[in-house]
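Given the structure is predicted, the values throughout are model-derived calculations rather than measurements.
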Amino acid sequence: MTVNKKIIILMLSFMTLVSCSDSTENNIPAFNPVNTVTETTTVTEETTTSVTEPPTETTTEEETVPTTEPPPPVVKGNIYDTNGNLLVYSEPVTEKISKRIYSEEYAVPFANIITEMSAGYDLCFEDILSDPVDNSDTGKSIQITIDSDVQNALYSYMADNNLIGSVVVMRTDGSILSQVSYPSYDPSAITETEYDEELAWGLCGNKAFQNAEPGSCFKIMSEVISDKHGIYSLWDEGEWTDSGATIVNWDHDRSYNYPVERSLYSAFINSSNIFFAKAFDEIGKDDVLKDLDEIFHFVTDIQCDFGNIENNIEINCNDDLRRSAFGQSYILTCPVYLATLGREAVFGDMVRPFVLEKVVDTNNPDKILESGSEPNEVIATIPEEYRQNLLDGMKGVASGLGVYVPENFSFYAKTGTAETWTGDFLYITGCLRNMNDNADGNYDYTNYSQNGSYIVVMQIQNPSDHGFNFASESAYFYQGIINTIFANQN
């Protein structure tokens with residue numbers, strides 16, 4: 001079931017949070033079957049004595065009227081990770097009421113992406129989880145593509161380093177390997193509490209799926225659009241004022257190179273706002289919007305099994321158009337989309353992201369009932385003739401970050417520093433491409449690093465706590481994330 005992000009809050013505002021308690025994954029109580037009860041109703045009929053007739057004997061007659069109780073409620077099935085680790089299950093409270101239990105080992109790192117309280121997978125896949133297995137009172141279970149070992153390790157890394165924000169790790173086929181948002185919360189402590197919007201969209205909400213300005217990571221799209229329209233060289237003053245609006249480059253007050261005739265490659269690796277603002281101004285609103293949607297699926301919502309990616313772009317004037325080129329003004333997107341964009345930038349095709357690996361029998365998780373979401377589903381494509389210039393640019397950015405990747409992998413990246421209404425957000429959108437990965441086959445998730453690539457997006461929402469002004473300064477933490485992923489992957 002696809003859940004629209006805008007509808008979820010309205011739905012959940014009328015819900016009461018389920019009761020949770022700590023448990024272990026190997027101690028799941030068995031459910032007692034609920035029997036259908038047949039009740040009898042006794043009806044007494046009386047006869048009256050007539051004056052003209054002899055009295056008759058009064059008799060009592062019983063009628064048995066069968067009544068049928070509604071069928072017992074379906075107990076929701078379990079949620080397992082890609083390795084078969086139990087994440088969520090149901091525990092009976094009464095014959096008609098059960099509560100969701102979150103395995104203690106994984107509860108906090110998964111809480112804001114999986115619980116109903118945070119509009120997570122337990123809600124998104126409710127139709128499947130509540131669909132009875134073989135007409136029983138137990139729903140089907142699901143296995144998701146997330147690796148709980150990586151999820152836990154990345155959450156601990158963010159917590160240990162006070163990295164408020166999110167990390168998304170995607171495989172080449174579009175499956176989400178990890179989706180971490182820090183800080184999270186202990187779902188067992190939120191019992192019998194009214195729905196709180198904070199758990200879905202606030203500080204403890206899933207930042208990987210929350211929209212914000214992406215900053216210069218948007219220039220991945222701007223570079224291709226500029227290339228498509230033949231814009232390879234523009235004059236860059238470092239600070240550009242037109243019609244009363246001023247646009248500056250990040251280094252306008254520290255570089256002596258301005259003014260300069262800037263090439264497309266130089267504009268990308270040096271992250272020139274002015275170059276791409278002028279390029280969008282020359283291309284025009286209609287063509288920019290058309291290219292964004294046709295090449296990058298940015299304007300139209302992307303329907304995913306875990307909800308819809310709903311990007312935002314509004315162009316009401318020339319200044320909006322220009323600032324959109326470097327991911328500001330009314331441009332909003334989420335780290336999950338940036339991961340799909342990073343995948344497209346390196347391999348040429350954007351694939352639909354997903355988390356549903358398979359549907360399994362609750363009583364026998366090894367028994368597959370249904371296949372999951374379709375992997376490698378292409379939803380947008382960069383034309384072949386515009387791919388190499390972008391790859392060269394992302395290779396250039398990556399080489400300047402000083403990030404080291406394992407042997408047999410090549411690194412491509414784009415950084416972004418975004419001004420948001422809550423402060424600056426820093427992004428690194430990168431892809432570790434495996435030399436054995438041609439993006440044209442199936443992947444073994446249990447031995448993924450042998451042939452698979454990793455698209456990794458890091459978002460930091462508290463850069464001032466670390467003394468950062470620009471995303472490139474956060475490369476040390478991005479290196480730590482890469483190291484953590486490989487330390488927990490086969």
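Judged by the 6.0 Å and 45° rule, K219 forms no cation-pi pair with F268.
Using modelled atom types, one finds no donor on one side chain facing an acceptor on the other under 3.5 Å when comparing S118 with N112. A side-chain N or O of Q459 and one of S166 form a donor-acceptor pair less than 3.5 Å apart. Side-chain contact of S271 with S216: a donor-acceptor pair under 3.5 Å is present, judged by distance alone. Defined by atom type and a distance below 3.5 Å, a donor-acceptor pair is present between the side-chain atoms of N85 and S148. If you check the side chains of D134 and S136, you find no donor sitting under 3.5 Å from an acceptor. Residues Q479 and N483 bring a donor and an acceptor atom of their side chains to less than 3.5 Å of each other. Between T145 and E357, the side chains place no donor N or O within less than 3.5 Å of an acceptor N or O (distance only, hydrogens not considered). For D147 and Q489, the side-chain atoms include at least one donor-acceptor pair closer than 3.5 Å. Judged purely by distance below 3.5 Å, without hydrogens or angles, the side chains of N434 and S453 never pair a donor atom with an acceptor atom.
Looking at R100 and D122, a side-chain N of the basic residue comes within less than 4.0 Å of a carboxylate O on the acidic one, giving a salt bridge. Salt-bridge check for E370 with K140: passed, with a basic side-chain N closer than 4.0 Å to an acidic carboxylate O. Residues R387 and D349 are paired through a salt bridge, judged by an N-O separation under 4.0 Å between the basic side chain and the carboxylate. The pair E116-K76 meets the salt-bridge criterion, since a charged nitrogen lies less than 4.0 angstrom from a carboxylate oxygen.
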Exercise for review: Report the C-alpha distance between C304 and I302 in whole Å, list the side-chain angles of each, state the deciding distance to 0.1 Å, and finish with yes or no for side-chain contact (heavy atoms from CB on, under 4.5 Å).
Suggested key: CA-CA 6 Å; C304 306; I302 300 175; 3.8 Å; yes
Practice item. Report the C-alpha separation of S141 and I79 in whole Å, then their side-chain angles, then the decisive distance to 0.1 Å, and conclude whether the side-chain contact (heavy atoms from CB on, under 4.5 Å) test is met. Key: CA-CA 6 Å; S141 293; I79 302 179; over 6 Å; no
Point to revise | Trace of the side-chain contact (heavy atoms from CB on, under 4.5 Å) decision for E223 with K414 | key: CA-CA 11 Å; E223 195 278 346; K414 183 69 185 82; over 6 Å; no
**Study point:** T82/I146 under side-chain contact (heavy atoms from CB on, under 4.5 Å): CA gap, chis, key distance, verdict
**Key:** CA-CA 6 Å; T82 190; I146 291 180; over 6 Å; no
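The number of heavy-atom neighbours closer than 6.0 Å to CG of N316, taken from other residues, nucleotides and ligands shown, is above 12. For E419, the CD atom sits in a loose shell: 12 or fewer heavy atoms of surrounding residues, nucleotides or ligands are nearer than 6.0 Å.
Taking the centre of each ring, Y454 and Y448 come in below the 6.0 Å mark. Aromatic pair F298/Y337: ring centres closer than 6.0 Å. Taking the centre of each ring, F209 and F306 come in below the 6.0 Å mark.
Considering only heavy atoms from C-beta on, S175 comes within 4.5 Å of Y445 through its side chain. By the 4.5 Å heavy-atom criterion applied to side chains, Y121 and I113 are counted as neighbours.
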